[in-house]
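Side-chain atoms are counted along with the backbone in the values below, which use heavy atoms only and exclude waters and symmetry mates. It should be emphasised that the depicted structure is a prediction, and the values quoted were computed from it without experimental measurement.
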Amino acid sequence: MEPPKVQQSGEGGLNVTLTIRLLMHGKEVGSIIGKKGETVKKMREESGARINISEGNCPERIVTITGPTDAIFKAFAMIAYKFEEDIINSMSNSPATSKPPVTLRLVVPASQCGSLIGKGGSKIKEMRESTGAQVQVAGDMLPNSTERAVTISGAPEAIIQCVKQICVVMLEAYTIQGQYAIPHPDLTKLHQLAMQQTPFTPLGQTTPAFPAGLDASNQASTHELTIPNDLIGCIIGRQGTKINEIRQMSGAQIKIANAMEGSSERQITITGTPANISLAQYLINARFRDVAAMWNDPSSMTTS
């Protein structure tokens, strides 16, 4: 997984863009590409993620998935369900009675594997228990590289939840390393966010936003921000697109007070778990930094 990029999209929107790579055998790659490339074309269109497949005739290929987190999760869902479909089809021609799990192999820089494993294996154990997926980090690096394979296996739903948690752990690791200014140190609790998100609906149905579920051990709290009137527009975005994106990505409820006569500021109220609130603040701050950079240097605007 490569460093997240906070980019300005063509619509003036904010995207936290991630890149995740998968290692696949030739047969798996063929399944993803489909006849005349139809399957991968459909995956690209429906997920909104960029999906690139390395060239060459070597037995293993790299599949690179890039996009905002929700697009990446959709692409992973489609790949996991396609692999499950392949397993079901292969079983119809075999005497096997128990269905083998779906298996995906992520390519992760060795320097980030420590964050995934956690102290004494605590993080990887937590992932296994909360998602039901099996997760293994290879002890050796991949040939001629500084990266390791992280193997995830289980039902498609378990794999998707596990990928969400891996994305959050990686984002958290980047943030702690100071590559982004962050509003609160409790962003280290971000992994809670992944655990609260609802599972994917089956393909073909509308995928809901990911509301955060609240339980007794993770009660909602409220945080208030004061934003100058002339900056509120960049947080709301055209027809509310930006604020809705921040709500969906953070899982927090965000309410913007009406403008008060004579006041040059607006109140924003963020409600959710500490992790939801931290992520919402982080995304709002990132939005300000992005817009400020654009004002200072219009040529720095990156379209995606």
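A distance of 13.5 Å separates NZ of Lys164 from CD1 of Ile159, quoted to the nearest 0.5 Å. With values rounded to the nearest 0.5 angstrom, Thr269 atom OG1 is found 8.5 Å from Leu225 atom CG. Going from atom CD1 of Ile277 over to atom OG of Ser221 covers 3.5 Å, rounded to the nearest 0.5 Å. Considering CD1 of Ile152 and CE of Met127, their distance stands at 8.5 Å, rounded to 0.5 Å. In this structure, Arg128 CZ and Cys162 SG are separated by 9.5 Å, a value rounded to the nearest 0.5 Å. Atom OG1 of Thr103 and atom NE2 of His25 lie 9.5 Å apart (nearest 0.5 Å).
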Assess the residue pair Lys42 and Glu38 against the criterion (salt bridge (charged side-chain N to carboxylate O under 4.0 Å, His left out)); give the C-alpha distance rounded to whole Å, side-chain angles, the decisive distance to 0.1 Å, and a yes or no. CA-CA 6 Å; Lys42 185 182 178 192; Glu38 286 173 7; over 6 Å; no

Tell me, with the steps shown, if Ser47 and Phe76 meet side chain to side chain contact (heavy atoms under 4.5 Å, CB included). CA-CA 9 Å; Ser47 71; Phe76 265 93; over 6 Å; no

Tell me, with the steps shown, if Lys99 and Glu84 meet side chain to side chain contact (heavy atoms under 4.5 Å, CB included). CA-CA 9 Å; Lys99 188 171 73 171; Glu84 185 181 53; 2.9 Å; yes

The test is side chain to side chain contact (heavy atoms under 4.5 Å, CB included); show your working for Thr222 and Ile270 and say whether it passes. CA-CA 6 Å; Thr222 298; Ile270 308 172; over 6 Å; no

Are Ile72 and Asp70 close enough, and set up right, to give a side chain to side chain contact (heavy atoms under 4.5 Å, CB included), and what steps lead you there? CA-CA 5 Å; Ile72 283 180; Asp70 59 341; over 6 Å; no

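By the 4.5 Å heavy-atom criterion applied to side chains, Met43 and Ile32 are counted as neighbours. By the 4.5 Å heavy-atom criterion applied to side chains, Glu147 and Arg21 are counted as neighbours. The shortest distance between side-chain heavy atoms of Met78 and Phe83 does not fall below 4.5 Å. For the pair Arg247 and Gln253, the minimum side-chain heavy-atom distance is 4.5 Å or more. Using a 4.5 Å cut-off on side-chain heavy atoms (C-beta onward), Ile227 and Ile256 make no contact. Between Leu116 and Ile124 there is no side-chain heavy-atom pair separated by less than 4.5 Å. No side-chain heavy atom of Lys74 sits less than 4.5 Å from a side-chain heavy atom of Glu46. Using a 4.5 Å heavy-atom cutoff, the side chains of Met249 and Tyr282 are not in contact.
The closest donor-acceptor contact from the side chain of Thr241 to the backbone of Gly237 lies at 3.5 Å or more, if one exists at all. In this structure a side-chain-to-backbone donor-acceptor pair under 3.5 Å is missing from Ser263 to Met260. When atom types are taken as modelled, the side chain of Arg266 and the backbone of Ala257 share a donor-acceptor pair closer than 3.5 angstrom. Side-chain atoms of Arg148 do not come within 3.5 Å of backbone N or O of Cys113 as any donor-acceptor pair. Checked by atom type and distance alone, the side chain of Ser122 never pairs as donor or acceptor with a backbone atom of Gly118 at under 3.5 Å.
Considering every non-hydrogen atom in both Ala71 and Gly48, the closest pair reads CB-C, 3.9 Å. Contact record, Ala280 with Ile254: CB-CD1, 4.2 Å, taken as the closest heavy-atom pair. Of all heavy-atom pairs between Arg44 and Ile51, the closest is NH2-O, 2.5 Å. Residues Leu279 and Ser250 come closest through the heavy atom pair CD2-CA, 3.8 Å.
Of the N and O atoms on the side chains of Lys82 and Ser31, at least one donor lies less than 3.5 Å from an acceptor on the other residue. For Asn276 and Thr273, the side-chain atoms include at least one donor-acceptor pair closer than 3.5 Å. Using modelled atom types and a 3.5 Å distance limit, the side chains of Gln165 and Thr131 yield no donor-acceptor pair.
Salt bridge present: Glu129 and Lys125 bring a charged side-chain N and a carboxylate O closer than 4.0 Å. Salt bridge status for Arg61 with Glu55: absent, with no side-chain N to carboxylate O gap under 4.0 Å.
When the side chains of ILVMFWY residues are joined at heavy-atom separations under 4.5 Å, either directly or via intervening members, Met91 and Val102 end up in a single hydrophobic cluster.
By the 6.0 Å contact criterion, CG on Asn89 is enclosed, its count of non-hydrogen atoms from other residues, nucleotides or ligands being greater than 12.
Partner of Leu23 under the side chain to side chain contact (heavy atoms under 4.5 Å, CB included) criterion, chosen from Val63, Val107, Leu106: Val107. For the pairing with Ile65, the side chain to side chain contact (heavy atoms under 4.5 Å, CB included) check across Thr19, Ile79, Leu18 returns one residue only, Ile79.
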